[in-house]
Amino acid sequence: MSILGAIKRFAAVGAVVLAAVSLQPTTASAAPQPVVGGTRAVQGEFPFMVRLSMGCGGSLYSPTVVLTAAHCVSGSGNNTSITATAGVVDLQSSSAIKVKSTKVLRAPGYNGSGKDWALIKLAAPINQPTLKIATNTTYNTGTFTVAGWGAAIEDGAQQRYMLKASVPFISDATCRAAGGAYSDLIAGEEICAGYAEGGTDTCQGDSGGPMFRKDNAGEYIQVGIVSWGIGCAQAGNPGVYTEVSTFASAIASAAATL
Ligand code: ARG
């Protein structure tokens, strides 16, 4: 065997070993895992998190309704094709709660920009704590938590274990100033978050999942829904989230019809 062949073979074995290690549950020195730039969520830490089978995230709005992104669904109506997985950080856990959808309600008037929210009605209740949503702009500031099973690096694979990260609020003016698609930010419907230098962000497959923080009572409150960004975790290209407070009453009335 040539030396190059031996090196390639070693590299391939090394990659397999590393991949296997990265699939193991969190150990003592949980190394930062690239959501991008994140770390493993602890079992039970965010019990309202839901993984949806079309490859999106979501949050439990009520035991039978999941809040996600409009761009994760194809329209409104009866729909039994989606499976919601909840109650676990490990999607392959034998204790995962799996429930099918019965209906989807996509935000009225959704046309691909803004209004990026949708509700999924479940065939049976998921007996886990729900995540309350912001009903005014009080908490649309500060540092937020994001979590999901999406790519851990741009163009990377979906994750087996839920990752989490913290991202600071970015003002509409600063977000717009990023240029390109960000110039078209719909300020009343979208809220940006991330670091100017990049490195930490949600990414493909995190869409529909919640961006949340603690309120003055110390309880989690959802302020955003993962919506879009240019690439993931790039310097100068923030994450854009649906501004939940803007749609809180529309979400509540929609949920009441399901
Ligand atoms: N649209 C993506 C999805 O469907 C989410 C992208 C979030 N991107 C970001 N850079 N924050 O999963």
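None of these values were measured; they are calculated from a predicted model.
Taking all atoms of both residues into account, the shortest heavy-atom contact from E154 to C203 is CA-SG, 3.9 Å. Residue R40 comes nearest to K164 through the heavy atom pair O-CE, 3.6 Å, listed as atom of the first residue, atom of the second, then distance.
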- Going through the checks in order, is the side-chain contact (heavy atoms from CB on, under 4.5 Å) test met by D201 and V167? CA-CA 7 Å; D201 196 6; V167 281; 5.6 Å; no
- Message: Pair I120, V65 - check side-chain contact (heavy atoms from CB on, under 4.5 Å), show working.
- Response: CA-CA 6 Å; I120 294 172; V65 177; over 6 Å; no
- Message: Show, in sequence, the C-alpha distance, side-chain angles and deciding distance for L119 and L67, and conclude whether the side-chain contact (heavy atoms from CB on, under 4.5 Å) test is met.
- Response: CA-CA 5 Å; L119 297 175; L67 176 59; 3.7 Å; yes
- Pair I191-M211, side-chain contact (heavy atoms from CB on, under 4.5 Å): steps then yes or no: CA-CA 10 Å; I191 179 172; M211 177 169 79; 4.1 Å; yes
- Task: Evaluate the ring pair (Phe, Tyr, Trp, His ring centres under 6.0 Å) criterion for residues F144 and Y241: first the C-alpha distance (whole Å), next the side-chain angles of each, then the deciding distance (0.1 Å), finally the verdict.
- Result: CA-CA 11 Å; F144 307 122; Y241 299 80; 7.8 Å; no
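With contacts defined as side-chain heavy-atom distances shorter than 4.5 Å, the pair S95/V88 qualifies. Taking 4.5 Å as the limit, every side-chain heavy atom of F46 sits out of range of all side-chain heavy atoms of L131. For the pair T130/P63, a side-chain contact is recorded, criterion being any heavy-atom separation below 4.5 Å from C-beta on.
T143 is linked by a side chain to side chain donor-acceptor pair (under 3.5 Å) to nothing, counting only residues two or more places apart in sequence or in another chain. In this structure D215 satisfies the side chain to side chain donor-acceptor pair (under 3.5 Å) test together with K132, sequence neighbours excluded.
Judged as a disulfide (SG to SG under 2.5 Å), not a single pair has a partner in residues 106-171 (not counting sequence neighbours). Screening residues 165-195 for disulfide (SG to SG under 2.5 Å), with sequence neighbours left out, gives C175-C192. Residue pairs meeting the disulfide (SG to SG under 2.5 Å) criterion with at least one partner in residues 117-158, sequence neighbours excluded, are absent.
Between the side chains of T145 and Y220, no donor-acceptor pair is found at a separation under 3.5 Å. For N140 and S245, the side-chain atoms include at least one donor-acceptor pair closer than 3.5 Å.
Between the side chain of N78 and the backbone N or O of T80, no donor-acceptor pair lies under 3.5 Å. For T242 (side chain) and V244 (main-chain N/O), no donor-acceptor pair under 3.5 Å exists by modelled atom type. In terms of modelled atom types and a separation under 3.5 Å, the side chain of W117 and the main chain of E243 share no donor-acceptor contact. Side-chain atoms of R213 come within 3.5 Å of backbone N or O of T141 as a donor-acceptor pair.
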Residues 221-231 side chain polar contacts: donor-acceptor under 3.5 Å, at least two apart:
residue : atom : partner : partner atom : Å
Q222    : OE1  : S59     : OG           : 2.8
Q222    : NE2  : G224    : O            : 2.9
S227    : OG   : D116    : OD2          : 2.6
W228    : NE1  : E190    : OE2          : 3.0

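Within the model, atoms CD1 of I82 and CG of L122 stand 9.5 Å from one another, a figure rounded to the nearest 0.5 Å. Taken to the nearest 0.5 Å, the CD atom of Q204 stands 10.0 Å off from the SG atom of C56. Note that the CE atom of M162 and the CD atom of Q43 stand 7.5 Å from one another [nearest 0.5 Å]. Here the CG-CG distance, from N79 to L105, works out to 11.5 Å after rounding to the nearest 0.5 Å.
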